[in-house]
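First up is the structure itself, then whatever we jot down about it.
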Amino acid sequence: MALRVLVVGGYGNFGSIVCRYLIHTPGVHLLISGRDPHKLAAKVQALQAEGGQPCEGWCGDAMGPQWVPALKALKVHWVIHTGGPFQGQSYAVARGCIEAGVNYCDLADCRQFVRGIGTLDEAARAAGVTLLSGCSSVPTLSAAMIDEHRERFSRIERIEHGISSSAKMPGLSTIQGVLAYAGKPILQLKDGRPHPVIGWQGLTLRKLPRLGTRLVANVDVPDLDLFAERYGAHTLSFQAGAGLKIAGLANALLAQAVKLGLVRDPAPWAARLHRCGTWFEGFGDGLSALYIDVHGLGQDGQPLSMSVQLTATHDHGPEIPSCAAVAVVHKLLAGHVPAPGARSSAGEVSVEEYLRAIDDPDHLQLQVSFSRPPV
């Protein structure tokens, strides 16, 4: 029997990428949902034209009263929630999945959303349902990169990581989500103590292999909560930025305006910056990267540092956050049965499984290096 997978927001930016992979995955019966009947019908028609697996659509609000009856009527086995922004979003979609007895994962990169999914753990376990939050670059891939070489360290003390995207603009909901905390405090970790920084400020020039020098700034991600407990790190930081430095400067100016009280709601400005960003896409180099620096002690008790970078070329960066959920589906098809309960998706997918799901070696390059810094 085919695995019936429903993608919430299947005609959106990341949802479209997930669907493009799943429509060609043997053993999957793809369903997509959305609230716009015209966009939904066009997407279903386009996917069917690709000649892959079966596809059908459900037009409705996944946060509304029709959601649970629809899941039951459509006999859905697994839901992939791509309908961001997740900042400030309720768990209505996940709660509906519990009620309907359907497994769930989402592409949330919102720190509060991923952290809070644990409030549904008891109900999910009672229903025998799996809920995985954060099936994206962070924390799924970032954790997988560290896990792959965790045994090299006897102790991890500091993790500094981030993302530098290409100039190609993601969907508007993504921009609205990441700018929601512009100019607002973000708690990082420094020497074991909470360390407040300001969202989209703290501009830093970061030199990255192949990408050259990129401008990055403070960003809020689930890793800042998860990695202290998962790895015992005493210092945690995360920064991100777009491929063009002018975008980083624009974000920093918006953050300063919010901080000073000149702008109360960054949402309208997110739409303006998204529109302006599309004007400059042609000036980008098409390169993006997820990078991680880990510092600690090796098994011999001596200082050890690790640098990991996954580089995407030709504007293929959006494939990376989209394909954690695809990797989860591939594992299900191979017979993997995830434990019931509600949790972050960190540890659910290995680097090998992640890259196999993307299956794009011509446009992805993974680099790992170790060094022995002086004591």
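Here, residue 1 is the first one in the sequence, and each next residue gets the next number.
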By the rule that ILVMFWY residues connect when side-chain heavy atoms come within less than 4.5 angstrom, directly or transitively, which residues belong alongside Y291? L208, L211, V216, L287

Side chain to side chain donor-acceptor pair (under 3.5 Å): which pairs involve [range], sequence neighbours left out?
range            : answer
residues 35-44   : S16-K43
residues 123-139 : D106-S133, D121-R125
residues 247-273 : Q201-Q256
residues 225-234 : R111-D225, R115-D225, D147-R230, D147-Y231

Who passes side-chain contact (heavy atoms from CB on, under 4.5 Å) against A233, sequence neighbours left out? I156, I159, L236

Under the side chain to side chain donor-acceptor pair (under 3.5 Å) test, which residues partner [X], sequence neighbours left out?
X    : result
Q367 : none
R206 : D293
S350 : E353
T204 : Q239

Using a strict cut-off of less than 4.0 Å between a Lys/Arg side-chain nitrogen and an Asp/Glu carboxylate oxygen, indicate whether K331 and E348 qualify as a salt bridge. no

E157 with R155: basic N within carboxylate O range, under 4.0 Å: yes

With distance as the sole test, does E319 use its side chain to make a donor-acceptor pair with the main-chain N or O of I17 at under 3.5 Å? no

Kindly say whether S165 contributes a backbone atom to a donor-acceptor pair with the side chain of R214 at under 3.5 angstrom? yes

Any luck finding a side-chain donor-acceptor pair between [X] and [Y] under 3.5 Å?
X    : Y    : answer
Q89  : H81  : yes
T235 : R158 : no
H77  : N103 : no

H363 vs H314 aromatic rings, parallel, tilted or perpendicular, using cut-offs 30° and 60°? perpendicular

Describe, in one word, how the ring planes of W58 and W67 are oriented to each other, choosing from parallel (under 30°), tilted (30 to 60°) and perpendicular (over 60°). tilted

State, with a plain yes or no, whether a side-chain heavy atom of L31 is found less than 4.5 Å away from one of V5. no

With W78 via ring pair (Phe, Tyr, Trp, His ring centres under 6.0 Å) - residues at least two apart: none

Checking Y91 now: which residues fulfil ring pair (Phe, Tyr, Trp, His ring centres under 6.0 Å) with it, not counting sequence neighbours? F113

Here the pair of heavy atoms bringing A123 nearest to I98 is O-CG2, 3.8 Å

